[in-house]
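First the structure, in the form of structure tokens, and then the observations on it.
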Amino acid sequence: METAYNPSAIESKWYAYWLERKLFESKVDDREPYTIVIPPPNVTGVLHMGHMLNNTIQDVLIRRARLQQKNACWVPGTDHASIATEAKVVARLKQQGIAKETLSREEFLKHAWDWTEEYGGVILAQLKRLGASCDWSRTTFTMDQHMYDSVIEVFIDLYEKGHIYRGYRMVNWDPEAKTTLSDEEVIYQEREGNLYYIQYAYTDGSGALTVATTRPETIFGDVAICVNPEDPRYSDKLGKTVFVPIVNREIPIISDTYVDAEFGTGCLKITPAHDQNDKAIGDKYNLEIIDALNSDATLNAHALHYEGLDRFEARPKIAEELQALGLLLKVEKHLNKVGTSERTGAVIEPRLLDQWFLKMEELVKPAIDAVLKNGEIKLHPSKFDNTYKHWLENIRDWNISRQLWWGQQIPAFYYDNTFVVAKSLEEALEKANERAAEQQSNKRYTAADLRQDEDVLDTWFSSWLWPISVFNGILEPDNKEINYYYPTSDLVTGPDILFFWVARMIISGYEYRKTYPFKNVYLTGLVRDKQGRKMSKSLGNSPDALGLIDTYGADAVRVGLLLSSAAGNDLLFDESLCQQGRNFANKIWNAFRLITSWEGAPIAQPEANKIGIEWFNSQFNSTLDFIEDQYAKYRISDALMALYKLIWDDYCSWLLELIKPAYQQPVDEATKKEAFELMERLLVLLHPFMPFLTEELWQQLDARPEGSSICVAHWPQSGPINQPLIGRFNHTQSLISALRTMRKEKHIKPKEILEIQTQKSDHLLVIPEVLSKLGFTSSIEIIESAGDNTLSVRVETTEYYIPFGTQINVEEEVEKLQKELTYQKGFLEIVNRKLTNKRFVDGAPDEVVAAERKKAADAQEKIQTIEITLSKLG
RNA sequence: GGGUGUUUAGCUCAGUUGGUUUAGAGCGCUACCUUGACAGGGUAGAGGUCAUGGGUUCGAAUCCCUUAACACCCACCA
């Protein structure tokens, strides 16, 4: 066996083995199900650190459930990501010299599918490298036929229930992707801009008023000037009209309390086509709507000679012209928030358009109760409850239409001045004709009269059904899969999609299954670089995920990611974490090499081994209890750290060192057998974190039947804990450590046998067998009082003496003891201060007071022994 | 502008409803050791007035208030 663990060959060998044996596949049976649906990555995405963290956690949970003999089912898949994918396809076509506008819908979709097939498998293959134990036979794509049909079914259902409506509304327009976005897809950024003070002349020639605006290019859409009715500066101007500069259109001066008299000049220009608030005011006062922009954010004919110019190019030119006209009073620097597209980064243009909306007010109610009132769903960490609550309580209607082709086409069919919503053209025709008949019309419609809505649905309008539709629970709500696997168990995802996805899945879950989609939501942190910056392509600070696996091994990378990722806290990723994971893998590898190199012999088991193994069993059980508790709280990294220490410190450093036979000597059969059994239980506990290494060692540890795997081994049960033994072992460990320190300080040879004496004969706390093997001591001698020329070490209140001839440095020893004496005296004083405080003795609980009394007694005893030793040293 | 969270050893973080020694872990650091599992190792050690100021309490890293820095979320101020 090699002296170091070499992951690459082992990883590919076992992953293939697992797939071949179909160990990750799940079928409905009578066991308890444990289900996770993957947050579907973008179909054309590549694995990044966030995915790695996310999916490692899911794999840990699912592998543990599998070991607990649950029916573990992890459903993988990908998302069609309409805007992102369409943007990439458009860009590639452009490279090939093809403009999207020249293609028909069908032709374009053909290109999109080609692209999807080309890149679609990449990220799933990468997840396999990480060791993800998904049921690949269930791989689902949000554009699969049944997924597509589910979305259409839901759209029609919600429409018929009156939750979906079509409305002419101010929406967020992405001029680059030429589509609308939901409010959630708009990211506000602070940008430095200008505040332009523009003069609008009164039409009666009595001078001009000044309006402050950040967007002079929108003056072509101005339909009024609005002031606050309480503003004395303008009280006599109401009812007058002014000229819009450049176009010289006449507009009225109106008043509304919306206007803040303090801001700018107290005059607000009203441009209903280009601003949400202006639209509200326009509606209130029945003002005209003048849209001065084209869909690509260039100015249109309303802007006269600026027609065709981009909005940002036009802005300074308009300012120049105003300057020339003497109408630009001043320009001030102004910091304002600009909405940008999450996908393309383009500055969002508010625009009035016909769009489809989902009414949220009613749908959202059970989703609020589920998390905040009934506790049916728990968020981990729970600090996200507030964020969740705030969003749901202030939710607005969801714009679900997108002006794209890649996605589920909205099943609305227009004819004459109306429309029907239907699954297919045939059904739409039927409906249209039925309706005509109802209205006593003789008109018969044909396919040529109907035109399907060109738009597709928001990507999230398909992924919000994911936990239901992957089990076909929309189209066949009573099929046995959905009834068995749903509600799923845990969801693991990033907090950045809490609203986009998590909240909406909860909403759809209650609407379509009358219950929650998952019981627990584990929100991971964002993966940042060492300097705390978000990992991003543009910064180039994201390590190559697969490169890390190549360098350190998948197990090491998994451990590295988990070691410092408390739920919900961001994690600063550093490659040294992977090194730590790799070192751990190597440590286990070598522990395995050690025990398997032992030759077993039919000899009596040494007492030390018996005690050591009993101690380790107790330690194991105690740690297992702790680990179970950490899992229950979704504290995965703490569970891993406890296991790390159990293996490295307790198993390797203490137990194996204790039972290790002398060089080239055999070990007794019983010890060998027990060491193997313990190793096997540790491997099972470790398997969810390090699947490859544990499989390799588990297979080598014993002759396994054909086709067996640690993946489906049994999770260990906790057993009795011998607490007094743990106490004595700890005491012995402390004494051994103290001796090691002493040897180092006094330059005594590390393995030189020492004699140990102690006065405490009544209850010997030390385990002599362990002490003599690991502390290199002869048997312990009980003495009446310390002799001359001894060194002393103390564990708790017990003093141990080591006779050491005349060579000891008395001064040094005295100094050390004096220091300790001072500390103990100071400590005793603090405790006594409490104990002499009547209010403490009366007020504090009895056990606390008793504990303080014990401290005082212990300290006194220590002081006494130190003083005796000091007096001996003279 | 509103909200939430964070601030504990050089770094990353624990610290569970205030009370087991005048605070813990992992990594890093320092010294020494190391030819019998592992130098990707062993042993030991050093490192913190728990962000600030105040308050409650017999007792505060822990509860309350002030201030500061940082992070995230939400919001239509031209």
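Nothing here was measured: the structure is a model prediction, and the numbers come from that model. Per chain, numbering begins at 1; letters A, B, ... match sequence-line order.
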**Report entry** Glycosidic class, syn or anti, of B:G26 using a 90° window around 0
**Finding:**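 Here the answer is anti: the torsion falls beyond 90° from 0.
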Looking at the base of [N], is there any donor atom on it, or on the side chain of [X], that sits under 3.5 Å from an acceptor on the other one?
X: A:Q276; N: B:A78; value: no
X: A:K744; N: B:A31; value: yes
X: A:Y258; N: B:C76; value: yes
X: A:K855; N: B:U22; value: no

Between [options], which nucleotide has the shortest distance from any of its atoms to the side chain of [X]?
X: A:I830; options: B:U22, B:G41, B:G19; value: B:U22
X: A:N586; options: B:G19, B:G45, B:C38; value: B:C38
X: A:F840; options: B:C76, B:A37, B:C58; value: B:C58
X: A:R635; options: B:A37, B:C76, B:G15; value: B:G15
X: A:F499; options: B:A37, B:G36, B:C73; value: B:C73
X: A:W648; options: B:G42, B:G19, B:A37; value: B:G42
X: A:K645; options: B:G26, B:A14, B:A37; value: B:G26
X: A:K660; options: B:A37, B:A25, B:U43; value: B:A37
X: A:R740; options: B:U43, B:A75, B:A78; value: B:U43

Requested in this report: Please lay out, stage by stage, how A:D256 and A:Y285 fare under the test side chain to side chain donor-acceptor pair (under 3.5 Å).
Outcome: CA-CA 10 Å; A:D256 192 278; A:Y285 299 100; 2.5 Å; yes
Reckon [X] touches a base, only the sugar-phosphate, or nothing at all at heavy-atom distances under 4.0 Å?
X: A:R593; answer: sugar-phosphate
X: A:E657; answer: base
X: A:V259; answer: base
X: A:A4; answer: base
X: A:T213; answer: sugar-phosphate
X: A:K389; answer: nothing
X: A:P845; answer: base
X: A:S576; answer: nothing
X: A:C652; answer: base
X: A:K337; answer: base

[atom1] gap between [N] and [M], integer Å:
N: B:C73; M: B:C65; atom1: C1'; result: 25 Å
N: B:G54; M: B:U66; atom1: P; result: 16 Å
N: B:U8; M: B:C13; atom1: C1'; result: 9 Å
N: B:A60; M: B:U30; atom1: P; result: 38 Å
N: B:G45; M: B:G26; atom1: P; result: 13 Å
N: B:A78; M: B:C70; atom1: C1'; result: 31 Å
N: B:A37; M: B:G48; atom1: P; result: 38 Å
N: B:G36; M: B:G41; atom1: P; result: 15 Å

May I ask you to verify if any side-chain N or O of [X] is less than 4.0 angstrom from the OP1 or OP2 atom of [N]?
X: A:K587; N: B:G42; answer: yes
X: A:N590; N: B:G41; answer: no
X: A:Y644; N: B:C27; answer: yes
X: A:S737; N: B:A44; answer: yes

Query raised in the report: Between A:N837 and A:W598, which has a closest nucleotide on RNA chain B that is more 5'?
Result: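 Residue closer to the 5' terminus by nearest nucleotide: A:W598.
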**Report entry** A:F592 or A:T214, whichever maps to the more 5' nucleotide of RNA chain B
**Finding:**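 Whichever sits nearer the 5' end wins; that is A:F592.
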Euclidean distance, atom [atom1] of residue [X] to atom [atom2] of [N] [Å, nearest integer]:
X: A:L658; N: B:A37; atom1: CG; atom2: C1'; answer: 16 Å
X: A:D496; N: B:G5; atom1: CG; atom2: C1'; answer: 17 Å
X: A:K819; N: B:U22; atom1: NZ; atom2: P; answer: 19 Å
X: A:H747; N: B:C33; atom1: NE2; atom2: P; answer: 10 Å
X: A:L828; N: B:U22; atom1: CG; atom2: P; answer: 12 Å
X: A:Y188; N: B:G2; atom1: OH; atom2: C1'; answer: 16 Å
X: A:Q664; N: B:G36; atom1: CD; atom2: P; answer: 11 Å
X: A:H390; N: B:G3; atom1: NE2; atom2: C1'; answer: 6 Å

Query raised in the report: Within 45° of the six-membered ring axis of A:Y188 and under 6.0 Å from that ring's centre, is NZ or CZ of A:K337 located there?
Result: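 A:K337 over A:Y188 ring: no.
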Query raised in the report: If you measure only the distance, is there a donor-acceptor pair under 3.5 Å linking the side chains of A:E696 and A:Y5?
Result: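 Per modelled atom types, A:E696 and A:Y5 side chains form no pair under 3.5 Å.
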Query - Shortest non-hydrogen contact from A:G775 toward A:L739 - result: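 For A:G775 versus A:L739, the nearest heavy atoms are O-CD1, 4.3 Å.
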Query - Under 5.5 Å and under 30°: A:Y823 stacked on B:U22 - result: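 A stacking contact exists, since A:Y823 sits close and nearly parallel to the base ring of B:U22.
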Query raised in the report: Under 6.0 Å from the CD atom of A:E745, do we count more than 12 heavy atoms belonging to anything else shown?
Result: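 Result for CD/A:E745: enclosed.
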Requested in this report: Would you indicate whether the side-chain heavy atoms of A:D260 and A:L268 approach each other to under 4.5 Å?
Outcome: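 Result no, sub-4.5 Å side-chain heavy-atom pair not found.
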Query - Criterion side-chain contact (heavy atoms from CB on, under 4.5 Å) against A:T218, the qualifying member of A:R315, A:H274, A:R311 - result: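 The side-chain contact (heavy atoms from CB on, under 4.5 Å) with A:T218 is passed solely by A:H274 among A:R315, A:H274, A:R311.
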Query raised in the report: Taking it one step at a time, do A:D283 and A:K279 satisfy salt bridge (Lys or Arg N to Asp or Glu O under 4.0 Å)?
Result: CA-CA 6 Å; A:D283 287 349; A:K279 170 70 166 50; 2.8 Å; yes
